Trainee: 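What follows is a single structure, and I will ask about it in a moment.
Please read all numbers here as calculations on a predicted model, not as lab measurements.
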Amino acid sequence: MIFTAELTFADRKKCCILYDVFCLVPLNNLCYNFVTKEGKDMEKKIVLSLNKLMNCAGERNQEIDGQIKLSLNKDQGGILLDHLYGESGGNPWRNAKYFAIDIRNCQMTEEQFSIEFWEKGNQTDTPDSIFWNKLMPLVEARILFETARLDSQLHFLPLTPGSLKSGISGNGMEIPNIDRIFIGFGKGHEATREFTLRNAVLSDRYPEFPEASEPNTDPLGQWTKKVWPGKTESESQLSEKLNKELEAGNLLDYPGNWDRYGGCRDIRLTEETGFFHTAYQHDRWWLVDPLGNAFFSLGIFGVYPGEAGWIHGNEGYLSWLPEKEGNFAPAWSKCMDSELFRRKFEGLFPDDTPLFSYATANLIRTFGNDWYTKWSGLTQKRLHAYGINTLSMFSDPRFIADSDLPFVVMLNHYPTTGSTIFREFPDVYSPEYSGKCKVFARQLEVYAGNRNLIGYFLNNEPTWGFVRDLNLAEKLLESDEKTYSKAALVDFLRERYRNEINSLNTAWNLKLPDFDSLYLPIRHAAGLSASAKKDLEDFTLEMILRYARIPSEYTREVLPNHLNLGMRFAGINSEALLQTYRFFDVFSLNCYSVNPAPAIDRFASRINKPILIGEFHFGSLDRGLPAPGLVAVASQEERGRAYARYVDRFARSPYAVGAHYFAYNDQPLWGRYDGENYQIGFVDICNMPYPEFVAHVAETNRTIYDLILSKRGMYPGNTTRL
């Protein structure tokens, strides 16, 4: 069955669309194609009368069949489709497995395409689920959305040819309940924006993907569509620059009052212990280095020779790829070599799917067989000059050993179970979870006695934690699976209501014959009553505390002298997440903002724990990549000033013990394993530092203890976020 949409456009920024008029007119614009439940391939062209454009204008291209152009300003805009719900079969999404559409981003900046979904009964402006996909500039890409992903069990979605990072946000919903859809584009950086759309298809078959029209990546891995200050023009220029810096050897060492760990000799806090630990003195929390000196952890995520990029399906966009054997073999890797890939996409691609690092290849071009040793020596000098005293997670193990710098680690393979509750959240009451936590902790045995190890992160941004106020107990009741956690929930309710089902029925507005009836699926149970919501929130807290407590107990047994640095939550999206603090020595979170102080102030005094920021960054569009990361500023100079203000504001908090920047390297043009391609690094893909940025980093870091001791004033100004 093929549904063809006739789009009616208006010059006004806002006008009204009704999706309830069906006309049997054979026009050829946006098509919806799927096989019916009976399996018959029926062809029927139906015109959908659309007349609601949101914050955009549009026109149909008369020369390209079915192509539509949308024009937007910086704000979100697109097409709203409503009144999709109906027993008459008016919802063509019901039987479709895939939605695909060809989109060209006509800007010089990366943009975001999105599809927002509302369930029947949701009359608010907030959708129940949002699919989003980043778009490469000046490329027409076939964007694919698998409708089964509306269950929201995956937050980040696997890459498809020609596209960049994608994901789905929300608490999950059912396809038959779709009532409204918004198809459009998120906020952008340019004042006027244009996009072309064509070949929109709903189908039960996985689509084919068009080949690249032309390469947009040069042999060094740089974007060919843009020229910028500092762009490396040739291999010979690359070699000349790096060798000149290596031979100069005139970078600064640590300040004179720093000890060998990067702690401050002027702030003696404890006797020498041989390990990093915490202390509360002088009205604030501190990390203390093995010598007993105050230590503020200034770290960088991922100090290694270069980020490996995703190339599968994108080979046509790359002007050069070497053989996998030979001189450039170290630049090749496999997706399953990446712990972060395994966490997000294990089982969705063959284990040997290749990744390629242009950054590593550029080092091999420059330094030959001795490339790693020379890169390591050069990088060590840079980090000392920049005042970096911590190698944050996923830094190269060989470099950690060579540099003799303090470091942190993240444990691999956070335990999950055969049955999960939501996304990767495990069945925490099962014996399987406890057993896996015990095995999980053993990987720390190799670090026993390591004086440079500050501590360990148990996890990084668990994706179940991305959902604000997630009610895991409600998810248990929605499932018909008899997990250990669901049994524990039923027992919890039996005890709370003294085994009197009538009491629960009254409180929850139900008519259940017995407590065992709770094993049958109940949707949206938290909405039944205030008591139901409270009960389920209370049990959700118990589940999340158990999630954090059990692995923490086992890791403490294995490594009692090192710090448990927590989970690096992407945000404090519920009270339950915050309450996990009780099992950690240091509470960590990733905080992407221009000023972390307001976010920290909201909860720091309540937990009274030292706080470590695990990730922050600033990016700009004035250099080689089209995406400025999660916090965009105007220039490299402003990146440096933003870094200085961020660290300055945070370090003044009495709870602050460290801030780790993400990341050392810029990401590849076509993205890393998940399509993320940000200009946020200390160095570009040719291993060239951004001089304006690192100058401010060095000035800030090298005077950090003066700041804490109030020997210097606050860094001036406020950061403007683009």
Trainee: So which atom in Leu348 and which in Arg149 form the shortest heavy-atom distance, rounded to 0.1 Å?
Mentor: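 Minimum heavy-atom separation between Leu348 and Arg149: CD2-NH2, 4.3 Å.
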Trainee: A side-chain contact here means heavy atoms from C-beta on lying under 4.5 Å apart; do Met136 and Tyr317 qualify?
Mentor: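 Of all side-chain heavy-atom pairs linking Tyr317 with Met136, none is under 4.5 Å.
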Trainee: Can you name the closest pair of heavy atoms from Leu669 and Leu164 and give their distance?
Mentor: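 Taking Leu669 first and Leu164 second, the nearest heavy atoms are O-CD2, 4.2 Å.
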Trainee: Is it true that a side-chain atom of Asp128 and a backbone atom of Met173 form a donor plus acceptor pair closer than 3.5 Å?
Mentor: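 Not confirmed, Asp128 side chain does not pair with Met173 backbone.
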Trainee: If I compare all heavy atoms of Asn122 with all of Thr126, which pair ends up nearest, and what's the gap?
Mentor: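 Here Asn122 and Thr126 meet closest at ND2-O, 3.0 Å.
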Trainee: Can Asp396 and Tyr664 be counted as having a side-chain donor-acceptor contact under 3.5 angstrom?
Mentor: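 On atom types as modelled, these side chains do not qualify, holding no pair under 3.5 Å.
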Trainee: Does Arg672 come within less than 4.0 Å of Glu676, counting only side-chain N to carboxylate O?
Mentor: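 A salt bridge is present here (some side-chain N lies under 4.0 Å from a carboxylate O).
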Trainee: Rounded to the nearest 0.5 Å, what separation is found between the CE atom of Met410 and the OG atom of Ser392?
Mentor: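 Here the interatomic distance stands at 10.5 Å.
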Trainee: Would you check if the side chain of Glu553 reaches a backbone N or O of Ile550 as a donor-acceptor pair within less than 3.5 Å?
Mentor: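 No, the answer is negative, given that no donor and acceptor are paired below the 3.5 Å cut-off.
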Trainee: Could you tell me the separation between the CG atom of Asp427 and the OG atom of Ser485, rounded to the nearest 0.5 Å?
Mentor: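 Spacing of CG (Asp427) from OG (Ser485) equals 3.5 Å.
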Trainee: Should Glu615 and Arg568 count as an ion pair when the cut-off is N to O under 4.0 Å?
Mentor: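 The answer is yes: the pair qualifies as a salt bridge.
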Trainee: Output, in order, the C-alpha distance, side-chain angles, deciding distance and verdict of side chain to side chain contact (heavy atoms under 4.5 Å, CB included) for Tyr447 and Val558.
Mentor: CA-CA 10 Å; Tyr447 298 108; Val558 173; over 6 Å; no
Trainee: Where do Phe185 and Ile103 land on the side chain to side chain contact (heavy atoms under 4.5 Å, CB included) test, with the steps shown first?
Mentor: CA-CA 11 Å; Phe185 303 90; Ile103 301 175; 3.9 Å; yes
Trainee: Quick check: are there more than 12 heavy atoms from other residues, nucleotides or ligands sitting under 6.0 Å from NZ of Lys344?
Mentor: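 Yes - once you tally the heavy atoms of other residues, nucleotides and ligands closer than 6.0 Å, there are more than 12.
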Trainee: Give the ring-plane orientation class for Phe425 versus Trp464, where under 30° counts as parallel, over 60° as perpendicular and anything between as tilted.
Mentor: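 The arrangement is perpendicular - the two ring planes meet at more than 60°.
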Trainee: Would you say Tyr484 has more than 12 foreign heavy atoms packed within less than 6.0 Å of its OH?
Mentor: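 Atom OH in Tyr484 is not packed in, count stays at 12 or less.
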Trainee: Should Pro462 and Tyr547 count as side-chain neighbours, where that means a heavy-atom distance under 4.5 Å?
Mentor: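 Yes, close enough: below the 4.5 Å cut-off.
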Trainee: Both conditions, 6.0 Å and 45 degrees, for the charged tip of Arg639 above the ring of Tyr690: are they met here?
Mentor: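 Relative to the ring axis of Tyr690, which defines the angle, Arg639 lies inside both limits.
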Trainee: Where do Asn314 and Trp670 come nearest, in terms of heavy atoms and distance?
Mentor: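 Distance-wise, the nearest heavy atoms are ND2-CE3, 3.7 Å.
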Trainee: Grab the two heavy atoms, one from Val467 and one from Arg423, that are nearest each other, plus how far apart they are.
Mentor: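 Result for this residue pair: CG2-NH1, 3.8 Å.
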Trainee: When you measure from the side chain of Thr540 to the backbone N and O of Ala473, does any donor-acceptor pair fall under 3.5 Å?
Mentor: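 A pair under 3.5 Å: yes.
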Trainee: If you define the side chain from C-beta out and look only at heavy atoms, does anything of Trp332 sit under 4.5 Å from Leu321?
Mentor: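 Yes - at least one pair of side-chain heavy atoms lies under 4.5 Å apart.
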Trainee: Say you draw a straight line from CG of Leu197 to CD1 of Ile183; how long is it, rounded to the nearest 0.5 Å?
Mentor: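 Leu197 atom CG to Ile183 atom CD1 measures 8.5 Å (nearest 0.5 Å).
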Trainee: Can the ring centroids of Phe662 and Phe616 be said to lie less than 6.0 angstrom from one another?
Mentor: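 Phe662 vs Phe616: aromatic centres not under 6.0 Å.
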Trainee: Taking the side chain as every heavy atom from C-beta outward, state whether Ser588 and Phe457 have any atom pair closer than 4.5 Å.
Mentor: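 Yes; the side chains approach each other to less than 4.5 Å.
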Trainee: Check whether Asp585 reaches the backbone of Asn564 with its side chain - one donor and one acceptor, N or O, closer than 3.5 Å.
Mentor: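 Checked: pair present.
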Trainee: Check Trp320, Tyr358, Phe356 against Phe328 for a ring pair (Phe, Tyr, Trp, His ring centres under 6.0 Å) and give me the one that passes.
Mentor: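 Output: one option passes, namely Trp320.
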Trainee: Can you tell me how far apart CG (Leu565) and CD1 (Ile454) are? Round to the nearest 0.5 Å.
Mentor: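 With rounding to 0.5 Å, CG (Leu565) is 7.5 Å from CD1 (Ile454).
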Trainee: Centre of Tyr429's six-membered ring, under 6.0 Å away, within 45 degrees of the axis: is that where NZ or CZ of Arg546 sits?
Mentor: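 Positive - Arg546 is close enough to the ring of Tyr429 and near enough to its axis.
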Trainee: Quick one: do Glu146 and Lys97 satisfy side chain to side chain contact (heavy atoms under 4.5 Å, CB included)? Show the steps, please.
Mentor: CA-CA 6 Å; Glu146 186 177 355; Lys97 295 181 179 179; 5.8 Å; no
Trainee: Around Glu211, counting heavy atoms of other residues, nucleotides and ligands shown, do more than 12 lie under 6.0 Å from its CD?
Mentor: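 Atom CD in Glu211 is not packed in, count stays at 12 or less.
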Trainee: Are any side-chain N or O atoms of Thr390 and backbone N or O atoms of Phe407, one a donor and one an acceptor, separated by less than 3.5 Å?
Mentor: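 Here the side-chain-to-backbone pair does not exist.
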Trainee: Between Phe349 and Phe341, is there a side-chain heavy-atom distance shorter than 4.5 Å?
Mentor: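 Phe341 reaches Phe349 side chain to side chain.
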Trainee: Assess, by modelled atom type and distance only, whether the side chains of Thr463 and His155 contain a donor and an acceptor separated by less than 3.5 Å.
Mentor: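 Note: Thr463 and His155 side chains miss the donor-acceptor criterion.
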Trainee: Drop me the distance from Leu577's CG to Leu545's CG, to the nearest 0.5 angstrom.
Mentor: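 The CG atom of Leu545 is 10.0 Å from CG of Leu577, to the nearest 0.5 Å.
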Trainee: Could you check whether Glu307 and Tyr304, counting side-chain N and O atoms only, form a donor-acceptor pair closer than 3.5 Å?
Mentor: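 Judged by distance alone, the side chains do pair up.
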Trainee: Are any side-chain N or O atoms of Asn573 and backbone N or O atoms of Gly465, one a donor and one an acceptor, separated by less than 3.5 Å?
Mentor: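 Between the backbone of Gly465 and the side chain of Asn573 there is a qualifying donor-acceptor contact (under 3.5 Å).
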Trainee: So which heavy atom on Tyr206 is nearest to which on Thr160, and how close?
Mentor: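 Result for this residue pair: OH-CG2, 3.8 Å.
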Trainee: Using only atom types and a distance under 3.5 Å, with no angle test, would you say the side chain of Trp310 pairs donor to acceptor with the backbone of Cys335?
Mentor: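 Checked: no pair found.
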Trainee: With the threshold set at 4.0 Å, does a side-chain nitrogen-carboxylate oxygen contact exist between Lys165 and Asp674?
Mentor: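 Yes.
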Trainee: Does this structure show an ion pair linking Arg342 with Glu339, if we count only N-O contacts that are shorter than 4.0 Å?
Mentor: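 Yes.
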Trainee: Are Ile685 and Leu220 side-chain neighbours, meaning at least one heavy-atom pair lies under 4.5 Å?
Mentor: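 When only atoms from C-beta onward are counted, Leu220 and Ile685 do not touch, as no gap falls below 4.5 Å.
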Trainee: Less than 4.5 Å apart, side chain to side chain, heavy atoms only: is that true for Leu159 and His312?
Mentor: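 No, too far: nothing below the 4.5 Å cut-off.
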Trainee: For Asn677, does its backbone N or O pair with a side-chain atom of Lys134 as donor and acceptor, under 3.5 Å?
Mentor: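 Judged by distance alone, no pair lies under 3.5 Å.
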Trainee: Nearest 0.5 Å, what's the NE2-CE distance between His660 and Met393?
Mentor: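 Interatomic distance, His660 NE2 to Met393 CE, rounded to 0.5 Å: 11.0 Å.
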Trainee: Is the Lys NZ or Arg CZ of Lys609 less than 6.0 Å from the centre of Phe587's six-membered ring, within 45° of the axis?
Mentor: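 No, Lys609 and Phe587 do not form such a contact.
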Trainee: Determine whether the aromatic ring centres of residues Phe145 and Phe113 are separated by less than 6.0 angstrom.
Mentor: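 Phe113 vs Phe145: aromatic centres not under 6.0 Å.
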Trainee: Can you tell me if CD on Glu445 sees more than 12 non-hydrogen neighbours from other groups inside 6.0 Å?
Mentor: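 Counting neighbours around CD of Glu445, more than 12 heavy atoms of other residues, nucleotides or ligands fall under 6.0 Å, so yes.
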Trainee: Begin with the C-alpha distance, continue with both residues' side-chain angles, and end with the deciding distance and a verdict on side chain to side chain contact (heavy atoms under 4.5 Å, CB included) for His189 and Leu621.
Mentor: CA-CA 9 Å; His189 297 288; Leu621 293 167; 3.9 Å; yes
Trainee: Are the side chain of Tyr661 and the backbone N or O of Phe618 linked by a donor-acceptor pair below 3.5 Å?
Mentor: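 A pair under 3.5 Å: yes.
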Trainee: Evaluate the side-chain proximity of Leu391 to Leu383: yes if any heavy-atom separation is below 4.5 Å, no if none is.
Mentor: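 Yes; the side chains approach each other to less than 4.5 Å.
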Trainee: Could you tell me whether a side-chain N or O of Gln679 sits under 3.5 Å from a main-chain N or O of Ser620, the two making a donor and an acceptor?
Mentor: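 Yes: the side chain of Gln679 pairs with the backbone of Ser620.
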